[in-house]
Number of protein chains: 2
Amino acid sequence: MPMSESLQPLASPRATRSRTETQDDRVYAHIFDAILEQRLAPGTRLSEETLGGIFGVSRTIIRRALSRLAHEGVVLLRPNRGAVVASPSVDEARQILHARRLVERAITELAALHATSDQLEGLRRMVNEEHECFARGDRGAGIRLSGEFHLKLAEAARNAPLLSFQRSLVSQTSLIIAQYEGPSRSHCSYDEHSRLIDAIASRDAERAVALMMSHMDHIDSKLELGEDAGSGDLQQVFSHVMQERPPGRKPR
Amino acid sequence: MPMSESLQPLASPRATRSRTETQDDRVYAHIFDAILEQRLAPGTRLSEETLGGIFGVSRTIIRRALSRLAHEGVVLLRPNRGAVVASPSVDEARQILHARRLVERAITELAALHATSDQLEGLRRMVNEEHECFARGDRGAGIRLSGEFHLKLAEAARNAPLLSFQRSLVSQTSLIIAQYEGPSRSHCSYDEHSRLIDAIASRDAERAVALMMSHMDHIDSKLELGEDAGSGDLQQVFSHVMQERPPGRKPR
DNA sequence: GATTATGCGGCTGTATACAATCATTGCAAC
DNA sequence: GTTGCAATGATTGTATACAGCCGCATAATC
């Protein structure tokens with residue numbers, strides 16, 4: 001089959017993407033978004049052949065996309081056993097959130113130094129978009145946009161390695177939120193993002209960092225990363241190691 | 001050709017590697033080490049076919065290895081134009097070193113909390129090995145081992161995302177050292193590493209961090225990241241954008 | 001003589017065929 | 001009824017064939 005142009009599933013998930021993008025980027029982005037928006041639950045198997053069928057490309061492309069996703073930690077690649085959507089354990093979640101605090105602090109400081117007015121404008125637009133998403137109840141897109149806000153901020157910090165690390169942390173955080181968010185669901189108050197931008201715009205690094213840290217506290221407090229001490233629910237305890245299975249499963 | 005066992009070039013570059021490791025890892029490690037030990041200079045082209053011939057594997061494997069290396073920033077993957085050994089610009093170098101300070105601080109604090117005596121033992125052994133390398137004048141292996149020390153430390157910090165980020169930063173730092181190190185070449189004093197271990201072993205996080213930061217200062221001071229203001233040497237200025245060429249090149 | 005076409009060689013991008021591996025299921029033995 | 005084993009099916013790991021792109025070199029033109 002010579003690379004049929006058919007089956008092109010929906011246009012690019014979001015508007016802003018280069019025209020020169022290659023196939024892999026398209027596939028990568030689609031799977032990525034699907035995971036972050038929870039259309040693919042943690043633990044879901046990602047068969048190369050199936051995905052190849054869906055996107056109309058060969059396994060080669062899918063494989064590369066999965067490899068990238070694995071590098072970012074949103075997909076787990078088990079040798080000879082295929083790929084699954086990652087489901088961070090409570091301990092992993094703590095590590096990720098800890099790392100993220102460090103990075104967010106650094107990024108905030110740098111952004112307060114280097115952010116251009118264009119970038120600040122872009123950030124404000126993004127907050128509005130995020131606000132709209134939550135207003136109309138699109139939780140998945142909200143989580144994703146909230147993540148993209150932090151990514152845009154990282155861009156403003158002008159430090160490539162930090163940006164790339166942040167990308168991986170934000171992705172994984174989104175996964176954690178999707179997995180562990182408590183019943184409150186009030187959510188990443190766009191208001192916090194908004195005030196953060198104000199502080200950065202006025203070049204007040206200290207205040208910006210303080211806001212960011214309290215923002216992080218907020219996120220942590222909404223998660224239910226219990227004490228991990230025997231919840232009694234086996235299903236829950238082994239969720240990070242369990243395969244997904246069709247509802248009616250037989251024990252043996 | 002069914003995967004000829006021939007051409008297996010030298011055993012694994014270092015002793016400690018799992019038996020279950022796949023071909024990939026072997027190729028990856030070889031190229032990685034070659035770059036860090038400067039047997040492959042920045043800018044060198046890495047042809048898939050050539051490498052495949054050398055290691056006796058197909059381009060598929062080489063491609064994966066190169067992709068991993070690109071993720072870590074030691075290889076630059078130019079679409080349709082092949083891979084080259086990365087040569088960080090002065091600005092990129094600064095970003096990397098900045099990020100590294102952040103990470104090293106965090107890692108040092110965590111290591112002071114969590115390092116086990118086994119890990120401390122391993123660190124001390126590593127410092128000795130490093131010492132021997134410099135003693136017998138093996139600069140390449142010295143740089144590599146010095147990097148591995150910082151990686152082992154990151155392991156002791158028990159934070160997977162930080163470890164993986166550190167891996168990428170250390171690799172790139174090695175590249176920077178190889179590229180920009182001044183004439184002094186006195187080098188990453190193993191003594192500093194040694195005293196750092198002492199501080200961590202005595203759980204004195206504050207002192208450990210102070211030592212680490214002065215260690216970072218030391219590294220910075222040995223680099224010649226000039227003011228970047230017209231060094232006059234075009235070759236140098238455009239090194240990050242320039243193709244490598246055989247010595248006898250004609251202008252047009 | 002300088003500048004722009006054009007053909008050629010080498011290399012990468014993609015798809016696919018084949019081999020190896022793992023998980024599952026059914027059967028036999030205890 | 002449970003446990004261990006072997007065949008089977010599905011899925012990934014690897015190699016390779018083919019197509020397309022890039023850059024260089026030669027050749028043609030102004």
Side-chain angles (χ1 to χ4, degrees), chain A residues 1-8 18-28 31 43-70 75-85 241-246 248-252, chain B residues 1-8 18-28 31 43-70 75-85 241-246 248-252:
Chain A
M1 180 179 25
M3 227 298 276
S4 65
E5 277 300 310
S6 61
L7 267 173
Q8 211 85 317
S18 160
R19 270 337 114 210
T20 58
E21 78 179 350
T22 160
Q23 296 254 44
D24 333 312
D25 293 327
R26 189 174 62 89
V27 171
Y28 165 82
I31 301 178
T44 307
R45 290 202 53 176
L46 301 169
S47 150
E48 297 181 3
E49 201 164 6
T50 307
L51 288 170
I54 291 171
F55 291 104
V57 297
S58 82
R59 282 177 44 213
T60 310
I61 309 291
I62 302 295
R63 183 171 273 268
R64 257 219 301 286
L66 290 178
S67 165
R68 281 177 64 185
L69 290 163
V75 156
L76 184 64
L77 231 49
R78 303 164 304 174
N80 284 313
R81 305 207 32 222
V84 295
V85 177
V241 101
M242 201 171 49
Q243 324 297 346
E244 99 293 0
R245 243 185 230 270
R249 64 187 177 285
K250 47 188 171 189
R252 178 136 217 146
Chain B
M1 182 186 14
M3 228 298 274
S4 65
E5 278 300 310
S6 63
L7 268 172
Q8 211 88 312
S18 161
R19 273 334 116 212
T20 58
E21 80 180 349
T22 161
Q23 295 254 43
D24 258 53
D25 294 326
R26 189 174 61 90
V27 172
Y28 164 82
I31 301 178
T44 307
R45 290 202 53 182
L46 301 169
S47 150
E48 297 180 2
E49 203 165 0
T50 307
L51 289 170
I54 291 172
F55 291 104
V57 297
S58 82
R59 282 176 46 214
T60 310
I61 308 291
I62 302 295
R63 182 170 275 267
R64 256 218 303 284
L66 290 178
S67 163
R68 280 176 64 183
L69 290 163
V75 155
L76 185 62
L77 231 48
R78 303 163 306 175
N80 283 315
R81 304 203 37 218
V84 294
V85 177
V241 102
M242 198 174 51
Q243 325 299 348
E244 100 293 2
R245 243 185 232 270
R249 63 190 175 285
K250 47 190 171 190
R252 184 143 207 132

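The sequence lines fix the lettering, A, B, ..., with proteins before strands; numbering per chain opens at 1.
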Given A/Leu46, A/Thr44, A/Val75, A/Leu76, the one that forms side chain to side chain contact (heavy atoms under 4.5 Å, CB included) with A/Val84:
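By the side chain to side chain contact (heavy atoms under 4.5 Å, CB included) criterion, A/Val84 pairs with just one of A/Leu46, A/Thr44, A/Val75, A/Leu76: A/Leu76.
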
Separation of [N] [atom2] from [X] [atom1] (nearest whole Å):
X: B/Arg59; N: C/dC11; atom1: CZ; atom2: C1'; answer: 8 Å
X: A/Ile61; N: C/dT12; atom1: CD1; atom2: P; answer: 16 Å
X: B/Asp25; N: D/dG13; atom1: CG; atom2: C1'; answer: 13 Å
X: A/Arg63; N: D/dG13; atom1: CZ; atom2: P; answer: 4 Å
X: A/Leu46; N: D/dT11; atom1: CG; atom2: P; answer: 13 Å
X: B/Glu48; N: D/dT14; atom1: CD; atom2: P; answer: 16 Å
X: A/Leu66; N: D/dT12; atom1: CG; atom2: P; answer: 9 Å
X: B/Leu51; N: C/dT12; atom1: CG; atom2: P; answer: 9 Å

Protein-nucleotides 5-10 of chain D N/O pairs closer than 3.5 Å?
none

Please find the pair of heavy atoms, one from B/Arg45 and one from B/Arg81, that lie closest to each other, and give the distance.
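Minimum heavy-atom contact is NH2-O, 3.7 Å.
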
Looking at every heavy atom in both B/Arg26 and B/Phe55, which two are closest together, and how far apart are they?
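Closest pair (atom of B/Arg26, atom of B/Phe55, distance): NH2-O, 3.4 Å.
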
Do the side chain of B/Arg81 and the base of C/dG10 come within less than 3.5 angstrom through a donor-acceptor pair of N or O atoms?
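Counting by modelled atom types and ignoring angles, no donor-acceptor contact under 3.5 Å is found here.
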
To the nearest 0.5 angstrom, please state how far the CD1 atom of B/Ile31 sits from the CG atom of B/Leu51.
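Separation between the atoms: 5.0 Å.
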
For the CZ atom of B/Arg63 and the CG atom of B/Leu77, what is their distance to the nearest 0.5 Å?
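If I round to the nearest 0.5 Å, the distance is 7.5 Å.
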
With DNA chain C as reference, determine whether A/Thr60 or A/Pro79 sits nearer its 5' end, using the nearest nucleotide of each.
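Looking at DNA chain C, the more 5' nearest nucleotide goes with A/Thr60.
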
Give each protein N/O atom lying under 3.5 Å from an N/O atom of nucleotides 19-21 of chain C, with the pair distance.
none

Can you check whether A/Arg64 has a side-chain N or O nearer than 4.0 Å to OP1 or OP2 of C/dT14?
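A/Arg64 to C/dT14 OP1/OP2: side-chain N or O found under 4.0 Å.
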
